[in-house]
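Since the structure comes first, as structure tokens, the remarks are kept for the end.
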Amino acid sequence: LQLVNDARRRMNYSPVASLSADRSALKYTTLLNDVIQVVSDFGDWPSQFLEVTATAAACATQVELNASAPIKRIHEIHTGTQVTPMVVRTIEEMRLFQRGSAVGIPRHFALVDTSGINPRVRIHPRRTTTAMGFNAAVYTMPLLYASADASKIPPWSKTLLVQGLMAQVYADEAGGEESPQSQRSQGIFVTMLREEWNRSNVDLGTDVFVYPERR
């Protein structure tokens, strides 16, 4: 709601108490979702990193990964007894592997389909008589916001998202055509996006800074 109201103030509109207060607030929410999708697609953000666990039952050849959110990319998967990650394979390679009867500790996986929003991976070799735990490092997709999500906060800076929203608003008001305002606003947004990406993914050293409150 704060993001939408910030953009409304810049466009000389009064702030609203909810995202469904009027047609403009609903439109701004839709445009904000477009901005969030662009930011997410820019790369793998640390704020979207998640580790999930799964279990392969005895004789199972597939494992479902449940992150309680749509998974954008699977970085790696390893079993509880192996240090090195499993090797990712194509579906065609996995079909060749599974024509045999090998059993043991799974060392290969391939993404085969989804169950709702949860990806399912096929594993090889298959388990025998005991279950096995897996740990997967994944990057999730961000939440897309509806009118009922006014109090929720996206995982990126306010200034970046408001700037992206303003670029969308200017383009929308120009009928989808580029205007001097939309071009300038879009250029600033792209620069800010690269800077935030750099701070989040490149400027991460090994120093830990602590700023205690002064008394």
Side-chain angles (χ1 to χ4, degrees), residues 1-54 64-75 111 113-121 136-179 181-197 199-201:
L1 180 61
Q2 292 179 4
L3 298 172
V4 169
N5 278 336
D6 199 334
R8 287 174 64 91
R9 292 187 185 96
R10 297 188 186 196
M11 297 300 293
N12 296 318
Y13 294 147
S14 299
V16 293
S18 71
L19 295 178
S20 59
D22 55 31
R23 294 173 63 183
S24 175
L26 290 171
K27 176 180 284 189
Y28 278 33
T29 303
T30 300
L31 295 177
L32 177 61
N33 282 330
D34 293 341
V35 175
I36 289 173
Q37 192 65 54
V38 169
V39 175
S40 175
D41 290 343
F42 194 77
D44 295 327
W45 297 84
S47 58
Q48 299 301 109
F49 178 81
L50 195 64
E51 292 180 302
V52 298
T53 58
E64 181 175 319
L65 303 180
N66 185 354
S68 299
I71 293 175
K72 181 173 71 172
R73 188 171 78 86
I74 301 173
H75 177 62
L111 177 65
D113 59 12
T114 59
S115 174
I117 63 172
N118 298 331
R120 289 192 291 203
V121 296
V138 302
Y139 288 91
T140 60
M141 298 178 66
L143 174 70
L144 296 181
Y145 298 92
S147 58
D149 299 319
S151 62
K152 295 183 178 179
I153 301 174
W156 296 287
S157 69
K158 173 184 175 182
T159 53
L160 172 66
L161 296 180
V162 170
Q163 185 60 47
L165 179 54
M166 292 305 302
Q168 293 283 346
V169 169
Y170 286 133
D172 180 74
E173 293 204 340
E177 299 291 335
E178 289 188 349
S179 66
Q181 284 181 314
S182 67
Q183 288 180 326
R184 180 177 180 276
S185 192
Q186 180 67 21
I188 296 174
F189 168 65
V190 171
T191 299
M192 293 176 65
L193 177 58
R194 290 172 178 169
E195 287 299 321
E196 182 147 338
W197 170 261
R199 287 192 299 272
S200 298
N201 293 273

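Each residue takes its place number in the sequence, starting with 1. Keep in mind the model is a prediction, meaning the values are calculated, not measured.
- No more than 12 heavy atoms of other residues, nucleotides or ligands shown are found within 6.0 angstrom of CD on Q2.
- No donor-acceptor pair under 3.5 Å is formed between the side chain of S115 and the backbone N or O of N118.
- Scanning for side chain to side chain donor-acceptor pair (under 3.5 Å) contacts around K27 gives D172, with sequence neighbours left out.
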Determine all donor-acceptor pairs shorter than 3.5 Å in which one atom belongs to a side chain in residues 153-166; sequence neighbours excluded.
| unit_1 | atom_1 | unit_2 | atom_2 | d |
| --- | --- | --- | --- | --- |
| S157 | OG | L160 | N | 3.4 |
| S157 | OG | E196 | OE1 | 2.6 |
| K158 | NZ | D6 | OD2 | 3.4 |
| Q163 | NE2 | S185 | O | 3.1 |
| Q163 | NE2 | S185 | OG | 2.8 |

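- Scanning both residues, I71 and I74, for their nearest heavy atoms gives CG2-CG1, 4.3 Å.
- Contact check for F189 versus V35: side-chain heavy atoms found under the 4.5 Å cut-off.
- Annotation: salt bridge (charged side-chain N to carboxylate O under 4.0 Å, His left out) contacts of R9 (sequence neighbours excluded): none.
- Atom CE in M11 sits 3.5 Å away from atom CD in E173 (nearest 0.5 Å).
- The two residues S24 and R8 make their nearest non-hydrogen contact at OG-NH1, 3.2 Å.
- Note: L32 CG to Y28 OH = 12.0 Å, rounded to the nearest 0.5 Å.
- Partners of A150 under the side chain to side chain contact (heavy atoms under 4.5 Å, CB included) rule, at least two apart in sequence or in another chain, are L1, L19.
- Counting heavy atoms of neighbouring residues, nucleotides and ligands inside a 6.0 Å radius, atom CZ of R10 exceeds 12 of them.
- Listed for the E64 side chain is no donor-acceptor partner under 3.5 Å among the backbone atoms of R120.
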Please table the atom pairs, donor to acceptor, closer than 3.5 Å between any side-chain atom in residues 38-47 and protein atoms at least two apart or in another chain.
| unit_1 | atom_1 | unit_2 | atom_2 | d |
| --- | --- | --- | --- | --- |
| D41 | OD1 | Q37 | NE2 | 3.3 |
| D44 | OD2 | R73 | NE | 2.6 |
| D44 | OD2 | R73 | NH2 | 2.9 |
| W45 | NE1 | V39 | O | 2.8 |

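- Rounded to the nearest 0.5 angstrom, L143 CG and M141 CE are separated by 11.0 Å.
- In terms of heavy-atom proximity, N5 sits nearest to P15 at OD1-CA, 3.3 Å.
- Counting all heavy atoms, side chain and backbone alike, S147 lies closest to L26 at CB-CD2, 4.2 Å.
- The two residues I117 and P70 have their closest heavy-atom pair at CD1-N, 3.8 Å.
- Residues forming a ring pair (Phe, Tyr, Trp, His ring centres under 6.0 Å) with Y145 (at least two apart in sequence, or on another chain): none.
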task: Apply the test side chain to side chain contact (heavy atoms under 4.5 Å, CB included) to residues V4 and T29: give CA-CA distance (whole Å), side-chain angles for both, the deciding distance (0.1 Å), then the verdict.
output: CA-CA 7 Å; V4 169; T29 303; 4.1 Å; yes
